[in-house]
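Input: a single structure, listed below in structure tokens.
All values below were derived from every heavy atom in this structure, side-chain atoms included, with hydrogens, water molecules and symmetry-related copies excluded. In the text below, chain A, chain B and the rest are named by the order of the sequence lines, each starting its count at 1.
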Number of protein chains: 2
Amino acid sequence: MLKEERQKFILDQVHLHHRVLLNDLAEALEVSIDTVRRDVKELDKEKKLKKVHGGATSFGFMNFSKEDGNTYLLSKKIKIAEKTVSLLSEGQVILMSGGTTNLEVAKMIPRKFPLTVFTPSLHIAVQLLELPEVEVFFLGGKLQHESKFAIGGTVVNALNRLKVDLCILGTGYLDAEAGLTEFDWEVIQVKQAMIQAAKRTIILSVSDKLHSVQKYRTCSLTEVDTLVTELDPMDTKLDAFRPFHLKIV
Amino acid sequence: MLKEERQKFILDQVHLHHRVLLNDLAEALEVSIDTVRRDVKELDKEKKLKKVHGGATSFGFMNFSKEDGNTYLLSKKIKIAEKTVSLLSEGQVILMSGGTTNLEVAKMIPRKFPLTVFTPSLHIAVQLLELPEVEVFFLGGKLQHESKFAIGGTVVNALNRLKVDLCILGTGYLDAEAGLTEFDWEVIQVKQAMIQAAKRTIILSVSDKLHSVQKYRTCSLTEVDTLVTELDPMDTKLDAFRPFHLKIV
DNA sequence: ATCAAAACAGCAAAAACTTGCAAAAAATCC
DNA sequence: GGATTTTTTGCAAGTTTTTGCTGTTTTGAT
């Protein structure tokens, strides 16, 4: 294998997952950790990535720069993604909806973490296919143009015949009274079926979206098992959600 | 063997695989490693490729642009795509398989050309979603990691319940005797179901793939209605395919 | 403060590269 | 055609690069 190939692989991985561990790289590339270390050092010198203790990250990652509001939001989502991934177990069969937060979860899953994932989201599917140990099943149906999300009877029917360990709902607006709400009725149908098909449901929400209500209701908070935000679980902003039997992470 | 031929071969290999090892070249060309080294050094000086330790890479190798610098093949595929699009009618319901040639077709469809497309290929689906007038239905199933193509019983079942105007088969190897062949058995199953579900079938093939045979057979040429290549329909290279009731475009 | 993991520095073996050179092949000239 | 020049090719000796391993130091988390 050429050094250039190795470095390209490393760069691809960094861009794909925001961060990588040297150990994982060494194993994936079948070279010693020293070689990977040297490669990363070089790439760092060329400003292609940022070397950190134990691994490497892409630029803009963990950059809490105030000027760029987007990176700020991104870091919140990454925080959520980290928490979410830590809730997964190897070999689980899970459902994942769409949304950028869920996309971060997909990016954060370790390279050799066996999993079976069903999803109606094109973006999620594409991202997950980067992971060799993840079996990806796409829930086919009519695709929405902007969201790249599959909707319609086909999806719901497929979900009705499914029983999985876990459902991870990405997007969505959250409110203690109104529960989980959406502005798209078609998406509601799919998400409801997803919740039904799963033993446990996790919802991910950046704190900005808490206490906001949309047109249609997906479910009440009692149907949800776990809530993941970027906040400390003890944060007072989350008090409104404590009356439900939620595990707050 | 002439030096010129050798260097042409080297360039072809680099363009095809984006990288080559000097050792492989020396073996393939049956010359000493020094000769290859000198050739590569020359080509590097002429900026035709980039010499690296142990081999050579094409330019843009490190640019993670994904789009290959396979320009000569690409131009053929674009030619095919143009011809194919001209065969479509507004409002048709069609099936599209995967492959880079079909991807060019998807890129070539005019922005306001109403169409309904069913596909098991992630790449094709993503591309088609750029077109506001195209309704995209994804045939869900288990996704292959490299090809991003949905396979398995779910796909085949969905196809069995479908009846569309047209099926456009992208990849695949073509031979007058052997018919349409593939190296992946799972993909065969899906393609066969696609052909069954369509009234008419068009196959796209760059002339390089004509007269090549793979392990498994998708169908015979009698089941196909139209063959699109980048060649002139009267080209003698296509003579072998005329005995069938094909429309050659 | 402690301890395990990660980084570093130095070293040695293997692979790749360079240079110089001579034989072989090709081109040129008479 | 034959001699001569030029180019090309393969080989050998010496140099550089790459890589994995050793032991040591640093780092980060508890």
Side-chain angles (χ1 to χ4, degrees), chain A residues 1-14 17-59 61-64 75 78-79 81-83 85-87 90 108 110-113 230 232-234 249, chain B residues 1-14 17-59 61-62:
Chain A
M1 162 156 298
L2 254 36
K3 191 171 87 166
E4 277 68 22
E5 288 182 83
R6 242 180 17 231
Q7 301 201 350
K8 178 175 161 51
F9 179 84
I10 292 173
L11 273 182
D12 284 346
Q13 289 298 309
V14 166
H17 299 128
H18 291 310
R19 69 165 182 195
V20 283
L21 301 180
L22 297 193
N23 274 319
D24 290 351
L25 287 174
E27 191 167 344
L29 291 164
E30 294 178 310
V31 292
S32 79
I33 186 102
D34 299 77
T35 303
V36 172
R37 204 190 302 286
R38 275 186 276 246
D39 281 335
V40 168
K41 201 184 223 172
E42 262 186 58
L43 292 168
D44 178 72
K45 201 159 286 174
E46 297 167 25
K47 308 275 183 228
K48 304 261 187 201
L49 50 72
K50 186 148 157 266
K51 193 174 127 35
V52 297
H53 194 88
T57 75
S58 65
F59 283 112
F61 177 79
M62 275 299 155
N63 233 3
F64 293 75
S75 66
I78 286 169
K79 184 103 192 181
E82 281 173 346
K83 290 186 187 177
V85 169
S86 73
L87 297 174
E90 297 200 1
M108 202 67 66
R111 192 172 164 74
K112 45 183 320 180
F113 195 92
E230 86 281 9
D232 184 281
M234 290 298 126
V249 183
Chain B
M1 166 160 296
L2 255 48
K3 190 170 99 169
E4 201 174 293
E5 288 181 72
R6 242 179 17 231
Q7 301 202 351
K8 173 104 172 63
F9 178 82
I10 293 173
L11 273 181
D12 282 346
Q13 289 297 306
V14 167
H17 301 116
H18 299 266
R19 59 120 226 200
V20 275
L21 304 181
L22 295 193
N23 276 318
D24 292 351
L25 285 175
E27 193 175 339
L29 293 164
E30 293 178 316
V31 291
S32 80
I33 186 106
D34 299 75
T35 304
V36 173
R37 209 188 299 286
R38 272 185 278 248
D39 281 335
V40 168
K41 200 185 226 170
E42 265 186 56
L43 292 169
D44 177 75
K45 202 157 285 174
E46 298 167 25
K47 309 274 185 224
K48 304 265 186 197
L49 50 72
K50 185 149 156 261
K51 193 178 126 32
V52 299
H53 197 92
T57 72
S58 65
F59 281 112
F61 176 73
M62 271 304 233

Item checked: Short side-chain N/O contact to D/dT19 OP1/OP2 from A/R6, under 4.0 Å -> yes
Checklist line | Whole-Å distance separating the CG atom of B/L25 from the P atom of D/dT9 | finding: 14 Å
Checklist line | Any B/K3 side-chain N or O less than 4.0 Å from OP1/OP2 of D/dT9 | finding: no
Item checked: DNA chain C: 5'-proximal contact among B/R38 and B/H53 (nearest heavy atom) -> B/H53
Margin query: Counting the atoms with a prime plus P, OP1 and OP2 as sugar-phosphate, which does B/V52 contact under 4.0 Å by heavy atoms, base, sugar-phosphate, or nothing?
Written below: sugar-phosphate
Check: Heavy atoms under 4.0 Å, any strand shown: does A/L22 hit a base, just sugar-phosphate, or nothing?
Finding: sugar-phosphate
Notebook entry, point to check: Just by modelled atom types, is the A/D24 backbone N or O under 3.5 Å from a matching donor or acceptor in the A/E27 side chain?
Noted result: no
Notebook entry, point to check: Atom CZ in A/R38, atom NZ in A/K41: separation rounded to 0.5 Å?
Noted result: 9.0 Å
Notebook entry, point to check: Under 4.0 Å: is that the gap between some side-chain N or O of B/T35 and OP1 or OP2 of D/dG10?
Noted result: yes
Notebook entry, point to check: When you check the gap from the basic side-chain N to the acidic O, do A/D44 and A/K48 get nearer than 4.0 Å?
Noted result: no
Margin query: Classify B/N23 by what it touches in the nucleic acid, base, sugar-phosphate, or nothing, heavy-atom distance under 4.0 Å.
Written below: sugar-phosphate
Item checked: Flag, side chain of B/D39 to backbone of B/Q7, donor-acceptor distance under 3.5 Å -> no
Check: Quick one: is A/K41 getting a side-chain N or O under 4.0 Å of the C/dC8 phosphate, OP1 or OP2?
Finding: yes
Notebook entry, point to check: What's the CG-P distance between A/D39 and C/dA7, to the nearest Å?
Noted result: 14 Å
Item checked: First encountered from the 5' end of DNA chain D, between A/M1 and B/E30 -> B/E30
